[in-house]
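The chains referred to below are lettered A, B, ... by the order of the sequence lines, with proteins before strands, and numbering in each begins at 1.
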Protein chains: 2
Amino acid sequence: MARGKKRVTIVDIAKLCGVSAKTVSRVLNGEPHVTDKIRDQVLATAKELKYQPNVVAQGLVSRRSYLIGLIYEKPSPSYVVDLQKGALERLHGERYRLIVLPVESVASDSEAVVKLLQATAVDGVLLAPPASDDSLILTELDELHIPFARISPTRLPEFGPSVAIDDIAAASEIAEHLIGLGHRRIGIIKGDATHAATEARLLGYAQAMARHGIPLNLDFVESGLFSFESGHDAALRLLKRPVRPTAILAQNDDMAAGAIAAARSLGIEVPRDLSVAGFDDSDIARVVWPALTTVRQPVEAMAHQAMDMLLATLAGDAPGPSAVHGHILQLRQSTAAPAST
Amino acid sequence: MARGKKRVTIVDIAKLCGVSAKTVSRVLNGEPHVTDKIRDQVLATAKELKYQPNVVAQGLVSRRSYLIGLIYEKPSPSYVVDLQKGALERLHGERYRLIVLPVESVASDSEAVVKLLQATAVDGVLLAPPASDDSLILTELDELHIPFARISPTRLPEFGPSVAIDDIAAASEIAEHLIGLGHRRIGIIKGDATHAATEARLLGYAQAMARHGIPLNLDFVESGLFSFESGHDAALRLLKRPVRPTAILAQNDDMAAGAIAAARSLGIEVPRDLSVAGFDDSDIARVVWPALTTVRQPVEAMAHQAMDMLLATLAGDAPGPSAVHGHILQLRQSTAAPAST
DNA sequence: TTGTAAGCGTTATCAC
DNA sequence: GTGATAACGCTTACAA
């Protein structure tokens, strides 16, 4: 907001047009009961004076801040960017603005997240994981009557509208792909334990394996934090086992990329000696070599729809039922049949 | 902002304490001239009622929105994230909030950027390239008295405080590295022409080459758009020349990663048959194989400092002189001496 | 030390 | 159709 020189207000326009401020307000808001002549005149002077409505003043009357918060926790860059892109896309042309609110750790202090939202005075919130699964946050937001939409929740379906994919099915599908190629010794790199998707994806892997009579060997399950480095380290641990897996399922693409790097550092060739599959189909999947077989999660479209639901709620409409987006298996070069067992 | 149930206001507190709203205001703002007894009482009831000041109402009086905008144009995810991280870091504990404002194309409609900023009613702006070099935007912001800080501008030093690296020197340095390895036929992949850094970095390359008597062969200069794909395509064009370069200087890491992929698709091995160098030292530099030799630009620290300058300006203080951050040559595995010329 | 009145820019209410 | 008037929640200026 410009300080110093005074901004043009509706009163200025009113004076110049010889009408009341209310009439100007009517014109600017497209309300009826104004002569075409006056309407044109007001519109013209508004344009000439480069009038910009004062959102803050509007907000004081309407008891809104026209601010929407986006809560997420240090995820991979491409995920954040897709999230923001989708949210902003839907916001285009709306009066609402997007405030980014990355938080250090939802799990360690969800109370702080709620406080942050209150202090920021947002009209509504988009909750990305793991906040979208945090019952304390959901409960408090409900109590405070702060509308929200949830992105990729995996539980507590009774809380508010949400947009997700079927993590279990998607994970199951990519595991089936590896099994179909002939893999039996499958290593798994889990994501951050505070994200509920971690459990869901593991479950999906397990289901697929169970269908084919492959026991889930806990010795072949390692944990990462959804980052390249953590995936690299976890893969190293897996690949140094006396009997090592012929394939690795990583719970996101960054960790899968790390696994490929780890394999290379050990002289293990992907996909000849080791298949690696990711999850998300983020940018990194096409950047690494070999390009990652992964399962596509339409993050941008999901964020777009979540914002749509939130805006509907803010407008007093029904947000529509929670949506489940489809996932798509992306076959690339990082997976192949095992050499010989 | 919660709707429905009415929010607690200072008037509510005032009534309960039997004092005037002004007194409550004084207490809440830490102003003097209030008895300790009343102060304690007000503070207690405020806490009990979970009072949250209405930022919108405060903003109307102070003629501020307490909103800071961050303008950038579809850069690589890791760059945006670093930018946001640095800006938010500095904002921690401040009353201001960050609004992200990615724009499609600054060059094609800088007027729209200014309008966006006005409509969003930000108190100040952080301008990332190429907006930080756009004279129309800078001029208009000056006229509108909207404070700003510039990130990585390359010209128009008379406009406002800025934080940058010496693009020419950094580019020159990485070119020197290749020349020092023995490369003479050096291909160049420029970035988006609307970014002024593109020209500066090209100049840096040229200077280094000139120092060693190597003419800048325009036939060895291709243009990209700072994206992986554009780098891939540009590299393909370079590598299909009858006489191909022994090294490629890409103006950012994403394009360098694309160049490596292009080389691989042609059966050209990096760094044995081709050296590839990037710029920025973003995440992708360590993810690709071979890891990129590049020059580190401390984006996060730069954004942090730019925000610092902006906050100083908003507080009425001098923002301090424009700063030039140091760059660091990062030697990794993507560059080596040419095989044999 | 405390309170009153006015105003920030806009919209809602209700006369005219 | 149009315009006073009040109100949104807070702070500033001034009075008591």
Participant: Scan A:Asp134, A:Leu136, A:Thr194 and name whichever one has a side-chain contact (heavy atoms from CB on, under 4.5 Å) with A:Val106.
Facilitator: A:Asp134
Participant: Could you point out which residue of B:His325, B:His304, B:Gln305 forms a side-chain contact (heavy atoms from CB on, under 4.5 Å) with B:Pro298?
Facilitator: B:His325
Participant: Using 4.0 Å as the upper bound for N to carboxylate O, is an ion pair formed by A:Asp12 and A:Arg7?
Facilitator: no
Participant: Is any side-chain N or O of B:Thr23 closer than 4.0 Å to OP1 or OP2 of C:dT1?
Facilitator: no
Participant: Tell me: CD1 of B:Ile38 to C1' of C:dT1, nearest whole Å?
Facilitator: 8 Å
Participant: Classify every nucleotide of nucleotides 6-16 of chain C by which part a protein heavy atom approaches to under 4.0 Å, writing B for the base, S for the sugar-phosphate alone and - for neither, in 5'-to-3' order.
Facilitator: -BBBBBBB---
Participant: Whole angstroms only, please: what is the CD1-C1' distance between B:Ile13 and D:dC10?
Facilitator: 12 Å
Participant: Checking the side chain of A:Arg155 only, and the main-chain atoms of A:Ala196 only, is there a donor and an acceptor separated by less than 3.5 Å?
Facilitator: no
Participant: Please collect all salt bridge (Lys or Arg N to Asp or Glu O under 4.0 Å) contacts where either partner lies in residues 303-320 of chain B, sequence neighbours excluded, each pair once.
Facilitator: B:Arg90-B:Asp308
Participant: What is the distance from NZ of A:Lys15 to C1' of D:dG3, rounded to the nearest Å?
Facilitator: 16 Å
Participant: Would you compute the distance between atom CG of B:Leu70 and atom CG of B:Leu98 and round it to the nearest 0.5 angstrom?
Facilitator: 5.5 Å
